[in-house]
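Reading through the structure tokens given below for one structure.
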Amino acid sequence: MSQGLTSDSDDSDKFEWESDGEAAPSSAPALRNLDAPGPSTLERQSSNGWANGEATSTSLVEEYVTMGFPKEMVVKGIKEIGHDDANALLELLLTYKVLGDEGALGNCSTSGCACPNVQDDDDDDLDFDNWDNDNDTGGREHNSDSSGDEDFLQEMSAKDEKINLLVGMGFSEDEANMAMTTCGVDADLCVLVDSISASWVAGDCHSRNLFDDQVMDRCFDSFGERKKARLMEERKKKRKRYGGGAHGNRSSLDGSDDEQMLLPNPMVGFNLPGYRRPSVMRMLPQQAIGPPFFYYENVARTPRGVWETISRFLYDIEPEFVDSMHLSAAARKRGYIHNLPIENRSPLLPLPPKTIFEAFPHYKKWWPSWDPRRQFNCLQTTMASAKTTERIQCLLARSSNPPPPSVQKYVIDECRKWNLVWVGKNKVAPLEPNEVEYLLGFPRDHTRGVGKTERYKSLGNSFHVDTVAYHLSVLRDMFPNGVSVLSLFTGIGGGEVALHRLGIHMRAVVSVEIGEANRRILRGWWDQTQTGTLIEIADVKSLTPDIIASYVGRFGGFDLVIGGSPCNNLAGSNRHHRDGLEGEQSSLFYHYFRILDVVKSAMARM
DNA sequence: CTCACTCGGATAGAAGTC
DNA sequence: GACTTCTATCCGAGTGAG
């Protein structure tokens, strides 16, 4: 099961970068088709039952056990928050694991999954330390708690029915779950509604707990008290304004009750070529220190609280926020959490062009003087339609020269929004895929061979190669004999391209990527440029602890775990499902943490 | 307050397949 | 002709800076 394709390419490693086509890095989360068939039994179980709510709770428990969670932990998790919200459940289990690893006590819940002051305390005396050693999914003796499991499973259906009713009334699932926890499963519906209303009046303290406060105080104490108070006040106002609308309060699961992490200005991370912050020193928490090195990426501008949650799971490491506009001709605001050294970094040479005209001198010819843009905005996954560019052309043709300010403003706004370039008199056009490849640091035609729409999408989801390579450059001297890499959410292989451009040999890459086109792109590039072993796997969910351990054993551990999890539910462009970390795609972040944690454990045993 | 920016999604209709 | 797949087009809100 879950076998990847293995390629031991023996082609030469002499991949030539085109002199006029230098591209930069990217290996971010590309289009992830969650419906695509995966190789593993696990995935089939998941899509059959869980999503439809038809799976028996027994198989649900088994599924999480397969992922490496102890059975008691899974049952407790389902008891606490139900089984409908898979992402919340996964987050809760991982939180248990984090708390267990830290030796914390058992009455902490995830940031908002359950009411902190009303716990089902009767069975909470759990031994977190022993959970990790309990991999026996079979005939294990029940403890005193599990005799009630069958009753509990039956009870859940009644609970779910009420939750569905509350959700149907416009309350969020979090709120419904919380009310059930507070008032009990047998509580009348109107009592549950009253409970939720009361929690609004009380502000947002209902979803905070001791664990959150401790962590936040420890990690983000730079946040001023006055600002804290102001944000708390604003959130209260907002809740009142939005009332009980289903989308009015989606905060608790993504940790957005926590304080907002401020983005630096200028957004240059710990340092960048030409933007050296004065003597940045950082002390990594003990748990964060490798092996392996790891590198995580996502969009910088997320809904509130997301980066705090990500940081909390990734060993409380402070994110490094970088806008690639300082290293290229296009903006790309991203956050990176990693445990790499930050001293003695070196950029890829030659440095990429930092303005539009340096990158594409020929566009100067038709560029009107009233278009002040010198850099592109973020390269996204979709491009302007022909209708849009046609409208602009017609509008300009009917206008004077130069056009009146109102027309200028409209045109500039559209150009900024869609990253249009001037290709003729009054004529604008979207960037071509090979131009996007160039701006992002990929070799020319890296994505060629798949449909144009697919190319834009994969590139838009990708890393900026030069930025990532700058951060990874410290590995070159540390691993003169090459690295073995676990690449999650590989996309079109931005991380791999970055390592290659740095001259770092990849002995082995285990790549996990759901998109078939992206896997094909990576393999095409690998076979041309690499001599190491490439193993391609479709779905992160299929990476069970056993499989991970087998790869750890086979390759003598991983030197680097790299990946950017899906941003679909975090990105501002998403009008429909910007749901934060609990979103359908973005919740896959928790698998990044889960897998990284398993790798760390397996390597610690080596 | 205004302004600028954002690794996207749903849908209808076209195009392809059987 | 039914069905699937691909493509083009349209669709604001959340957030922070000034």
Any sub-3.5 Å donor-acceptor pair from R519(A)'s side-chain atoms to I514(A)'s backbone N or O?
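Side chain of R519(A) to backbone of I514(A): a pair is present.
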Donor-acceptor contact below 3.5 Å, side chain N569(A) vs main chain R578(A):
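Side chain of N569(A) to backbone of R578(A): no pair is present.
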Tell me, yes or no, whether the heavy-atom count around E358(A) atom CD, taken from other residues, nucleotides or ligands under 6.0 Å, exceeds 12.
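More than 12 heavy atoms, drawn from other residues, nucleotides or ligands, come within 6.0 Å of this atom.
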Check this for me: R448(A), atom CZ, are more than 12 non-hydrogen atoms of other residues, nucleotides or ligands nearer than 6.0 Å?
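Open: at most 12 neighbouring heavy atoms sit under 6.0 Å from CZ of R448(A).
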Look at the side chain of [X] and decide which nucleotide, out of [options], has an atom nearest to it.
{"X": "S385(A)", "options": "dA4(B), dG9(B), dT9(C)", "result": "dT9(C)"}
{"X": "H577(A)", "options": "dA10(B), dT9(C), dG8(B)", "result": "dA10(B)"}
{"X": "N265(A)", "options": "dT6(B), dG18(C), dC5(B)", "result": "dG18(C)"}
{"X": "H576(A)", "options": "dC7(B), dA4(B), dG8(B)", "result": "dG8(B)"}
{"X": "R304(A)", "options": "dC7(B), dG16(C), dG9(B)", "result": "dG16(C)"}
{"X": "C567(A)", "options": "dT6(B), dC10(C), dC7(B)", "result": "dC7(B)"}

Closer than 4.0 angstrom, basic N to acidic O: yes or no for D413(A) and K409(A)?
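Answer for the salt bridge query: yes.
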Between [N] atom [atom2] and [X] atom [atom1], what is the distance in whole Å?
{"X": "K387(A)", "N": "dT9(C)", "atom1": "NZ", "atom2": "C1'", "value": "9 Å"}
{"X": "D579(A)", "N": "dG12(C)", "atom1": "CG", "atom2": "C1'", "value": "15 Å"}
{"X": "E308(A)", "N": "dT15(C)", "atom1": "CD", "atom2": "P", "value": "12 Å"}
{"X": "D413(A)", "N": "dT2(B)", "atom1": "CG", "atom2": "C1'", "value": "13 Å"}
{"X": "Y456(A)", "N": "dC6(C)", "atom1": "OH", "atom2": "P", "value": "18 Å"}
{"X": "K333(A)", "N": "dG16(C)", "atom1": "NZ", "atom2": "P", "value": "14 Å"}
{"X": "L263(A)", "N": "dT6(B)", "atom1": "CG", "atom2": "P", "value": "13 Å"}
{"X": "F321(A)", "N": "dG16(C)", "atom1": "CZ", "atom2": "C1'", "value": "13 Å"}

With respect to the phosphate group of [N], does any side-chain polar atom (N or O) of [X] fall under 4.0 Å of OP1 or OP2?
{"X": "K409(A)", "N": "dT2(B)", "result": "no"}
{"X": "N568(A)", "N": "dG9(B)", "result": "yes"}
{"X": "N461(A)", "N": "dG8(B)", "result": "yes"}

Say whether T388(A) and E414(A), considering side chains only, have a donor N or O and an acceptor N or O under 3.5 Å apart.
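Their side chains do not contain a donor-acceptor pair, so the 3.5 Å distance test is not met.
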Side chains of Y336(A) and H471(A), donor plus acceptor under 3.5 Å
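Judged by distance alone, the side chains do not pair up.
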Less than 6.0 Å separating the ring centroids of Y592(A) and F489(A)?
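Y592(A) vs F489(A): aromatic centres not under 6.0 Å.
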Tell me if the centroids of the rings in F589(A) and Y296(A) come within less than 6.0 Å of each other.
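Yes: the rings meet the under 6.0 Å criterion.
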When the ring planes of F593(A) and Y315(A) are compared, do they come out parallel, tilted or perpendicular, using 30° and 60° as the limits?
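The arrangement is tilted - the two ring planes meet at 30° to 60°.
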Side-chain donor/acceptor contact of R334(A) with base of dC7(B) under 3.5 Å:
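Side chain to base: pair present.
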Over all strands shown, is R332(A) touching base, sugar-phosphate only, or nothing at heavy-atom distances under 4.0 angstrom?
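If one applies the 4.0 Å heavy-atom cut-off, R332(A) turns out to touch a base.
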Closest-nucleotide 5' rank along DNA chain C - winner of K452(A) and A571(A)
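In this pair, the answer is K452(A).
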Taking the nucleotide of DNA chain C with the closest heavy atom to each, which residue, G451(A) or N574(A), is nearer the 5' end?
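Looking at the nearest nucleotide for each, G451(A) comes out on the 5' side.
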How far does the P atom of dC10(C) sit from the matching atom of dC7(B), given to the nearest Å?
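After rounding to an integer number of Å, I get 23 Å for this pair.
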Identified stems (criterion: three or more consecutive Watson-Crick or G-U pairs, under 3.5 Å), DNA chain C:
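Result, WC/G-U stems under 3.5 Å: B:1-6 with C:13-18, B:8-18 with C:1-11.
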Of R455(A), R444(A), K452(A), which is the lone residue that meets salt bridge (charged side-chain N to carboxylate O under 4.0 Å, His left out) with E432(A)?
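Of the listed options, the one satisfying the test is K452(A).
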DNA chain C-proximal residues of residues 367-384 of chain A, any heavy atom under 4.0 Å:
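None, since no heavy atom is under 4.0 Å.
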